[in-house]
Amino acid sequence: YEAGIWVPSGVGEGGVSIGSDGSITIIGSDGTPVTTFNPDGTSTHTGLETYGSGIEIPTTTGGLIRITPEGGIEIFGPDGTLVHHQDPAGNSFHSGQEHFLGGIITHDAEDIEGGMIPSIQAGTIVADILIAAQKDFRIDHPLDPENKYLFHASLESNEMANIYNGNVKLDKNGSAKVLLPKWFDALNENFRYQLTPIGAPGPNLFIAKEIRNNQFEISGGMAGMKVSWQIIGTRKDTYAKENPLQVETFKEPVKITENLSK
């Protein structure tokens with residue numbers, strides 16, 4: 001049929017048109033095309049489509065995108081591994097690395113007491129900068145791990161500071177050499193020291209030699225005395241130098257959008 005084929009549906013102006021180019025068009029009762037199948041395999045639909053068994057779309061790399069009848073989305077890699085899944089309830093699973101150019105915004109989740117709190121749960125979160133009004137850690141309560149949590153607040157400072165501490169026993173001369181990790185000098189500078197004698201006063205305790213080559217020395221104590229030491233240093237690594245902490249900053253101005261129609 002050089003001019004194509006027309007099959008009326010018997011309802012108004014509806015019918016099926018098979019064009020001479022191989023296209024198939026379904027016409028509604030008002031004469032409007034509702035579905036067209038083109039010879040190149042593409043199609044156009046103006047109405048609601050229903051797929052009882054879901055939809056499967058092969059990818060050019062050998063993977064598969066599947067839309068389930070329940071409304072979920074599944075993406076499979078070329079080896080058949082499920083790499084992404086999102087169910088109709090909004091839950092999702094990802095087996096690969098996720099990229100969020102605009103950041104992540106979390107909505108409130110109900111806590112155990114019925115209140116609403118923003119929540120991100122993960123085994124590990126890696127970020128260049130973490131900004132929060134409060135930074136706590138939560139672990140199972142060591143005395144009642146089945147029923148309670150234990151919360152601690154993080155230490156905060158107006159500088160990129162590292163804190164180190166330990167105990168040492170003084171020798172027969174009332175002195176001790178404290179060895180630090182091999183990377184200590186490379187990471188830290190601007191040291192501050194604190195010494196606390198254990199078991200008896202130590203009014204003459206002092207830092208005999210400051211930190212150099214990853215070690216320092218204590219003197220002025222009694223033989224066999226136990227001494228607790230603490231050192232605070234500021235970071236001098238490349239990242240810390242290139243990204244100094246800005247202690248005081250101005251808030252960004254609030255953008256006000258006026259309704260010009262008023």
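Position 1 is the first residue of the sequence; numbering continues from there.
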Could you check whether the rings of Phe37 and His45 sit parallel, tilted or perpendicular, using 30° and 60° as the cut-offs?
->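 If you compare the ring of Phe37 with that of His45, the planes turn out perpendicular.
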Check against side chain to side chain contact (heavy atoms under 4.5 Å, CB included), Thr234 and Met160 | CA-CA 6 Å; Thr234 56; Met160 292 187 183; 5.9 Å; no
Does the side chain of Ser228 come under 3.5 Å of the side chain of Asn167 through a donor N or O and an acceptor N or O?
->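 Checked: Ser228/Asn167 side chains pair up, N/O donor to acceptor below 3.5 Å.
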Side-chain donor-acceptor pair present, Asp128, Tyr239, cut-off under 3.5 Å |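 Looking only at side-chain atoms, Tyr239 and Asp128 do not form any donor-acceptor pair under 3.5 Å.
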Within this structure, what is the [atom1]-[atom2] distance for the pair [X] and [Y], rounded to the nearest 0.5 Å?
X: Arg235; Y: Glu159; atom1: CZ; atom2: CD; answer: 12.0 Å
X: Ile26; Y: Ser17; atom1: CD1; atom2: OG; answer: 10.5 Å
X: Glu74; Y: Glu56; atom1: CD; atom2: CD; answer: 9.0 Å
X: Asn188; Y: Asp237; atom1: CG; atom2: CG; answer: 8.5 Å
X: Ile75; Y: Thr59; atom1: CD1; atom2: OG1; answer: 9.0 Å
X: Ser154; Y: Asp136; atom1: OG; atom2: CG; answer: 6.5 Å

Hey, mind stepping through Lys135 and Glu156 against side chain to side chain contact (heavy atoms under 4.5 Å, CB included) and telling me if it holds?
-> CA-CA 9 Å; Lys135 298 181 290 295; Glu156 299 177 353; 3.3 Å; yes
Could you check if a side-chain atom of [X] sits within less than 4.5 angstrom of a side-chain atom of [Y], using non-hydrogen atoms only?
X: His141; Y: Tyr149; result: no
X: Lys209; Y: Ile207; result: no
X: Ile27; Y: Trp6; result: yes

Do Phe137 and His152 have ring centres separated by under 6.0 Å?
->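 Ring-ring flag for Phe137/His152: true, centres closer than 6.0 Å.
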Aromatic ring proximity, centroids under 6.0 angstrom, Phe216 and Trp229 |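 Centroid separation for Trp229 and Phe216: below 6.0 Å.
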May I have the list of side-chain donor-acceptor pairs in residues 193-205 shorter than 3.5 Å, sequence neighbours left out?
unit_1: Tyr193; atom_1: OH; unit_2: Glu210; atom_2: OE1; d: 3.1
unit_1: Tyr193; atom_1: OH; unit_2: Ile211; atom_2: N; d: 3.1

Counting only pairs under 3.5 Å, give me each side-chain donor-acceptor contact of residues 174-187, with atom names and distances, residues two or more places apart or in other chains.
unit_1: Ser175; atom_1: OG; unit_2: Ser219; atom_2: OG; d: 3.0
unit_1: Asp185; atom_1: OD2; unit_2: Asn213; atom_2: N; d: 2.9
unit_1: Asp185; atom_1: OD2; unit_2: Asn214; atom_2: N; d: 3.0

For atom NZ of Lys169, decide whether the heavy atoms of other residues, nucleotides or ligands shown that lie under 6.0 angstrom number more than 12.
->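 Open: at most 12 neighbouring heavy atoms sit under 6.0 Å from NZ of Lys169.
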Taking everything shown except Ile139 itself, do over 12 heavy atoms lie less than 6.0 Å from its CD1?
->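 Counting neighbours around CD1 of Ile139, more than 12 heavy atoms of other residues, nucleotides or ligands fall under 6.0 Å, so yes.
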